[in-house]
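First the proteins, then the strands, lettered A, B, ... as listed; each starts at 1.
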There are 2 protein chains.
Amino acid sequence: MPDEARPYHHGNLRAALLDAAERTIEKSGTERLSLRELARVVGVSHAAPRAHFTDRQALLVALAERGFDRLGAQLKAARDGAGPGFGERLRAVIAGFITFANSRPVLLDLMFSAKPYGDKARLPAAAEALAVVYDLIGDGVTEGALAPGDPERYGLLLYAWAQGLASLIAGGGLEPEVTDSLVSDAVSTFIRGNAAG
Amino acid sequence: MPDEARPYHHGNLRAALLDAAERTIEKSGTERLSLRELARVVGVSHAAPRAHFTDRQALLVALAERGFDRLGAQLKAARDGAGPGFGERLRAVIAGFITFANSRPVLLDLMFSAKPYGDKARLPAAAEALAVVYDLIGDGVTEGALAPGDPERYGLLLYAWAQGLASLIAGGGLEPEVTDSLVSDAVSTFIRGNAAG
DNA sequence: CCCTCATCTTGTCATTGCCAAGTTTCTTGA
DNA sequence: TCAAGAAACTTGGCAATGACAAGATGAGGG
């Protein structure tokens with residue numbers, strides 16, 4: 001049944017809208033995202049999205065949440081695929097973060113504008129993604145690779161750095177090898193600058 | 001002549017619009033900025049802004065540019081007002097940066113979203129502001145406070161961190177004292193992590 | 001003094017977000 | 001099985017917005 005007439009119920013509208021939205025923002029920027037245009041692209045009426053998202057803002061939040069889901073998964077995979085040492089794992093996780101930033105710069109920007117830190121309960125998926133970093137930092141402290149200190153505080157510092165680098169990279173103008181070694185330097189600096197003893 | 005009727009020529013529309021716009025975005029966010037509303041606030045017709053800004057985007061760019069002017073001035077003042085040591089000056093400059101972020105978080109966000117790095121020629125004022133940081137780093141290397149290396153590379157790393165911290169702060173949810181000590185830690189980490197020898 | 005041009009005004013259009021009310025399909029439970 | 005009832009989607013409409021066109025106003029240079 002490939003060429004059937006459009007059924008009254010799309011069946012998958014929510015996901016389809018999110019997919020289209022993600023493509024759109026990555027191509028034209030978040031501010032130009034229009035619900036009506038989205039509906040047109042997906043092939044439904046201009047008010048159909050309302051059944052799934054009360055608001056334009058709600059659509060954006062859902063987009064951010066989905067982004068955090070993927071980011072979290074990616075960070076976990078990076079961590080688990082790396083060697084046993086703290087430095088290796090931290091480097092892998094941060095590299096995973098940067099990879100994400102490279103592949104979906106606008107989405108990442110949107111995710112950050114939702115302010116996932118601070119009030120952590122706002123986006124559970126965000127909290128989970130950030131926990132990967134926080135936990136790893138905690139390990140670093142207990143392993144003695146980092147000087148004793150509040151893991152969350154370390155996490156904020158590192159998170160800020162990663163985000164800044166991601167922004168830099170998303171802004172373009174830097175070669176991939178340059179960004180790789182930049183990230184590598186940042187992690188080294190962070191570890192050396194906070195080494196115990 | 002306090003109660004005069006509105007003259008046909010405002011005389012200062014451009015600046016008035018920028019002022020009003022800055023107040024508005026800081027209160028309600030950039031996305032809710034409306035040219036028509038702005039015109040209403042300033043007391044001109046809904047198409048008057050067009051004489052000074054071809055576009056809504058042009059208004060935002062002008063806003064960013066003005067922001068970089070002020071930021072540059074503030075950074076220079078911070079640098080010149082600090083002690084002679086590299087650490088002192090670097091700390092002062094970064095602190096100035098963060099102060100700016102605290103006082104005008106939304107503006108700073110807007111400035112960064114214009115992506116002033118990479119293509120430096122885009123906003124001359126941005127290049128000048130960033131030069132303060134780059135130059136200082138260069139001093140640090142020649143003074144031997146930092147291990148030998150490319151000043152621009154150091155600059156990128158530090159700039160990324162500062163921006164990430166600023167974003168964090170702009171996003172809100174952090175107390176000013178927390179941010180202050182966070183920034184202090186960041187600078188210390190950076191210097192320690194890149195110390196010569 | 002007049003002419004020119006930047007500045008500002010009114011009028012208009014397409015687009016957008018959001019809401020209301022109706023239609024179609026799925027589901028659920030008696 | 002079938003009849004509510006809920007969920008998903010449609011058409012219609014409203015106020016607001018950005019952008020454009022054409023005209024009014026006035027400041028300043030020749």
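Using modelled atom types, one finds a donor on one side chain and an acceptor on the other under 3.5 Å when comparing Arg91(B) with Ser188(B). Thr24(B) and Arg32(B) are not linked by any side-chain donor-acceptor pair at a separation below 3.5 angstrom, with hydrogens and angles left out of the test.
Between the CD atom of Gln57(A) and the C1' atom of dG17(C) there is a distance of 13 Å, given to the nearest Å. The separation between His52(B) atom NE2 and dC8(C) atom P is 4 Å, rounded to whole Å. When the C1' atom of dC8(C) is taken as reference, atom CZ of Phe53(B) falls 15 Å away, rounded to whole Å. Taking atom CZ of residue Arg32(B) and atom P of nucleotide dG18(D), one finds them 14 Å apart after rounding to whole Å. We find that CG of Leu38(B) is positioned 15 Å from C1' of dA16(D), with the value rounded to whole Å. Taking atom CG of residue Leu35(A) and atom P of nucleotide dC18(C), one finds them 6 Å apart after rounding to whole Å. Atom CG in Asn12(B) sits roughly 12 Å away from atom P in dT7(C) (whole-Å rounding). Regarding Leu33(A), its CG atom lies at a distance of 17 Å from the P atom of dT15(C), rounded to whole Å.
The distance from the OG atom of Ser167(A) to the CG atom of Asp109(A) is 6.0 Å, given to the nearest 0.5 Å. Atom CG of Asp185(B) and atom CZ of Phe190(B) lie 15.0 Å apart (nearest 0.5 Å). To the nearest 0.5 angstrom, Ser113(A) atom OG is 8.5 Å from Glu31(B) atom CD.
Of all heavy-atom pairs between Pro151(B) and Ile137(B), the closest is O-CG2, 3.5 Å.
Taking only side-chain atoms of Ala51(A), from C-beta outward, the nucleotide of dG17(C), dC19(C), dC9(D) with the closest atom is dC9(D).
Residue Arg56(A) places no side-chain N or O under 4.0 Å from the OP1 or OP2 atom of dT16(C). Listed pair Ser34(B) / dG18(D) meets the phosphate criterion, a side-chain N or O lying under 4.0 Å from OP1 or OP2.
You'll find the ring centres of Phe68(B) and Phe100(B) outside the 6.0 Å limit.
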Short heteroatom pairs, N/O only, protein and nucleotides 24-27 of chain D, under 3.5 Å:
| residue | atom | partner | partner atom | Å |
| --- | --- | --- | --- | --- |
| dA24(D) | N3 | Tyr8(B) | OH | 2.9 |

Review item, nucleotides 10-12 of chain C N/O atoms under 3.5 Å of protein N/O:
| residue | atom | partner | partner atom | Å |
| --- | --- | --- | --- | --- |
| dG11(C) | N7 | His46(B) | NE2 | 3.4 |
| dG11(C) | O6 | His46(B) | NE2 | 3.4 |

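Remark: Glu128(A) CD is loosely packed, at most 12 non-hydrogen atoms of other residues, nucleotides or ligands lying under 6.0 Å away.
Looking at heavy-atom distances under 4.0 Å, Arg40(B) makes contact with sugar-phosphate atoms alone, never a base. Contacts of Leu59(B) with the nucleic acid, taken as non-hydrogen atoms under 4.0 Å apart, are absent. Using a 4.0 Å heavy-atom criterion, one finds that Arg14(A) contacts no nucleic acid atom at all.
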ring-ring contact (aromatic ring centres under 6.0 Å, His included) between Tyr159(A) and Tyr154(A), intermediate numbers included: CA-CA 8 Å; Tyr159(A) 171 69; Tyr154(A) 277 134; over 10 Å; no

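Within the structure, the side chain to side chain donor-acceptor pair (under 3.5 Å) test picks out the following pairs touching residues 55-70 of chain B (sequence neighbours left out): Asp19(B)-Arg66(B), Glu22(B)-Arg66(B), Glu22(B)-Arg70(B).
When each of Thr54(B) and Gly43(A) is assigned the nucleotide of DNA chain D bearing its nearest heavy atom, the one mapping closer to the 5' terminus is Gly43(A).
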